[in-house]
Chemist: 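Quick one: the structure is below, questions incoming.
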Amino acid sequence: MLKNYFKVALRNIRKQSFYSSINIFGLAIGVASCLFILLYITDELSYDRFHQDPENIYRIGLHGRIAGQEINTASSCPPLAAALVAEIPGVESATRLNRRDNMVFKFEEKAFTEDRILFADSNFFQFFSFQLLEGDPLTALKEPNSVVLTPELAKKYFGDEAMGKLLTIGNQNQSFKVTGIAAEPPHNSHFTFAAIISTSSQKDYYNSPIWLNNGLYTYFRKNPSTSLESIAAKLTDVTDQHIAPEIEQFLGASVAKFRESGNEYGYVPYPMLDTHLRSGWQDDMEPGGNMAYVYVFGAVGLFILVIACINFMNLSTARSAGRAKEVGLRKTLGSVRSQMVGQFLAESTLYGLVAMVLAVALTFVLLPQFNLLSGKELSFATLVSPSFLLGALGLTLLIGLLAGSYPAFYLTAFNPVDVLKGKVRSGMKSKGIRSGLVVFQFALSVILIVCTIISYQQIQYLQSRNIGLDKHNVLVLSNTGRLGNNRKAFKDGLLAQTGITGVSYTNNVFPGVNNTTAFRSATARRDHVMGTYFADVDHAEVMKFELAQGRYFSKEFPSDSSAVVLNEAAVKELGWEKPLEEKLIVFDDGGNGGPVEVPMQVIGVVKDFNFESFKTQVRPMVLRLTDTDRNLLVRYDGDASGAVAQVEKLWKQYASGDPIEYSFLDQNFDALFREEQRLSRLFLIFTGLAIFIACLGLFALASFTAEQRTKEIGIRKAMGASVTGITGLLSREFTVLVMISILLAVFPAWYLMNRWLGQFAYRIDINIMVFVLSGVASLVIAWLTVAFQAFRAAMAKPVNSLRYE
Amino acid sequence: MIRLKNIEKVYTTEEVETTALNSINLEIKDGEFVAIMGPSGCGKSTLLNILGLLDNPSNGEYHFGENEVAKYSERQRAQLRKGSIGFVFQSFNLIDELTVYENVELPLLYMKVPSDERKKRVEEVLERMNIMHRRNHFPQQLSGGQQQRVAISRAIVAKPKVILADEPTGNLDSANGEEVMKLLSQLNEEGTTVIMVTHSPYDANYAHRIVNLFDGKVVTENIKEQFHI
């Protein structure tokens, strides 16, 4: 009997090979999308779990409020780690890290700029679970001027044997001894590295006793039996004790008074495992993920699976409508209902199994493309784990049961006489449910279309928005310290080139400012925290920002070295009516540890321009004058590659063998929303898939309905109905369903996107046309899908449907 | 009115060619009542489908009124069908989802008759068929005889020149069948051409002429004197 079932199942697949392949294919795509999303989410959730006891590792963030400015930074100060271990019970160990980019590495003739250089304490390899391939984990980072390399870097500079060799690192040309080779860190770590340098190499900073000096990352391991609350409370006490004298020294006020005027300052411990997805802290080593996006993707994955399953069910039902006769016959010949139920369920499970195998194969083939799109390094190995395979098997059974349940229980319940006489028209009863499912599927698709369009528009807007400076055609050269004393000559040399229209030195590269500090209004004697950077006299011309008042720094005024230029936000922050008549006090290093007040004349106000993330409003900013500095901005005309060639040629003349390093200002700005771009691309793909799968379902339903209404179509045609008329008749029903789903989708889509846009300080308004466009698009797609079926039904000769009635 | 010349209909599947109709020559005059008889599978229904412009012949000529229609496209046939030909089927073929009134209205809708006119004509014909009181019922709520009266109403509402009836009494008891035959005769007397396929010699007696088909050929044609039993 089993053989007979199998035979019938196979012949059914073959007889309706078109439907069968759509059925299996649709489900396979749905399951494959789901697998991708599952891989993505699993990866996001796996960050930092490879360490031993990751639950007991904590990081320290700095939360403060000074002069009305919120500070939430992931960085802390050099003496904190030692104080944690020494003064707080329950802290077992602590370690410190810092990250540098753009360091020149040299060995013999080889010189390259390297990124991802960590400075780490000597207990790094005991604290974390990174693998040291060569060298002693206890001592590798102990001595000053020790460096641990990844195999890739070791090979790049030394070939086979790197241990013990000397590498020249940094602009000061210090020599470092290779004391270890560490395995490339896993990609799912919240920080990665290419090389690690011992903190003892920079004693000045890492041994500094100053607490108000936050520039590194502190980690500690907690005793599992100690509560985090008790540690946090003790940490507050310890911090207060240490920063009190410093606050008094630097700000001239007691801690009590500092607090009274609304200021805050303290360290907050938080789990390392929260770093990647739930960190609200700024200035971290690498940009993290976002828990909200994990939820969004999870929801999309679930929706796609549900849509695919619904389709599979609808398609199976549509196909089984023609099998009522088989059921009747089998029953007449002595089959029991339970046998028939088993037959249908086994059949749909067989379909599910084929689809699952196909989905896994699809995932395997497309994984590299998905990695490219998502910026991940997902591996197929996760998919072949036993727990995953078990889950897949369970899912297959579930899909089989779900999809087979309708024909299995509904069709087999009929009286065989009725079925054989054709009195039973299967599927009519569940029409309401099916219509509901179509509405649900399409509402979901419309929401996805709207989200895709709006996120695309927002990204376009961010890219093309006038940010108050001209980010295009500017080349950014960093590490110009490599030019030594030739910086001035290099600048003059560049200006002499045709096609180069402006050159400016600055200590800062947009986006962002590298220094945020306190300033004092000379008249009001009040402190304000504002961003600040240095630039030379040509800066305004190169960046092309506009002045609102006064003038920019100029060579004609030697006194400009004690002048500042503010942005409009700074004027507002300081509350000045006539800024050009005011003086701003800056705190410069007096040389003996304490700061010195230096009054600076305000000579100009620039219009606000965006120098930071688009998620925040323009902050107050103070511009100060410098002569030469770390970075050089080069504005060019015309072709970028021509400008790069000119700059490189000149660099070679002046920089004596050190590598040149450059980027483009517009690309640096675009990098700010790279994550959004990537997500929007992924969204586009999953939206396309969801719509495709939903259309497969609609296609099936249309064919089902056409099948149901064959007789009616025949009669109407005999009465003289035209093909167009019949096509319209059959499409109308679905058109109504899709219109309902559009209406249902409008509000959730608007709500979701409004929330997403809410995180941007500069955002588009949601245009009603987006909804109209999405609605029309989904209608057209649905209509094309249905029209094909309807047209086919309408073209059939009425003779065929009326003949044997 | 209708002239068939050497009409052939061949059904072709991958391996077999089946000839359903073989050089049929037939002429039906305006106002005639013709019965087509023959055993099962002789090609009666195929002939009726071709006569009713539901299907095209494989070969031969078909003159419907002035037009040679054998090579007409689906669209042209549909155009000619509506208004010119009314159908009565053995199994009534009413649309289950539409009421009696809506079923009868259907041909007029496809002819784009204005709604006032439609209402008038539908009510007229329902009145005449004596089923006005059932106008808002659905087909399943009616007896077989009533359903066939609805089907005939639908066939004549557009005032067609020809009515094609495929075993109109096949699913009815004798009383209801008799009634249907009388209706058809009456319509014929009022000038409508009636072509009817039947198994029943009794029903065939209502016709002016009986065409006997066997294996896709016309074997006999007997023109009867008009008489009533």
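Side-chain atoms are counted along with the backbone in the values below, which use heavy atoms only and exclude waters and symmetry mates. So you know, we letter chains A, B, ... as the sequences are listed, proteins then strands, and number each from 1.
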Chemist: May I ask you to name which of B/M111, B/Q79, B/R154 has the most heavy-atom pairs under 4.5 Å with chain A?
Modeler: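 Of the options given, most contacts go to B/R154.
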Chemist: Should the ring pair B/Y62 and B/F64 be called parallel, tilted or perpendicular, given that the plane angle runs from 0 to 90° and is split at 30 and 60?
Modeler: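 Because their plane-to-plane angle is over 60°, the rings of B/Y62 and B/F64 count as perpendicular.
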Chemist: Pick one: which of B/T198, B/N171, B/T169, B/D166 meets side chain to side chain donor-acceptor pair (under 3.5 Å) with B/Q90?
Modeler: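 Exactly one candidate clears the test, B/N171.
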Chemist: Is it the case that atom CZ in A/F791 sees more than 12 heavy atoms from other parts of the structure closer than 6.0 Å?
Modeler: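 At most 12 heavy atoms, drawn from other residues, nucleotides or ligands, come within 6.0 Å of this atom.
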Chemist: Please check if the number of heavy atoms outside A/M739 that lie under 6.0 Å from its CE is greater than 12.
Modeler: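 It does not: A/M739 CE has 12 such atoms or fewer within range.
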Chemist: Checking heavy atoms, do the side chain of B/L98, its backbone, both or neither come under 4.5 Å from chain A?
Modeler: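 Just the side chain, heavy atoms under 4.5 Å.
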Chemist: With only heavy atoms counted, which part of B/R77 is less than 4.5 Å from chain A, the side chain, the backbone, both or neither?
Modeler: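 Interface part for B/R77: neither.
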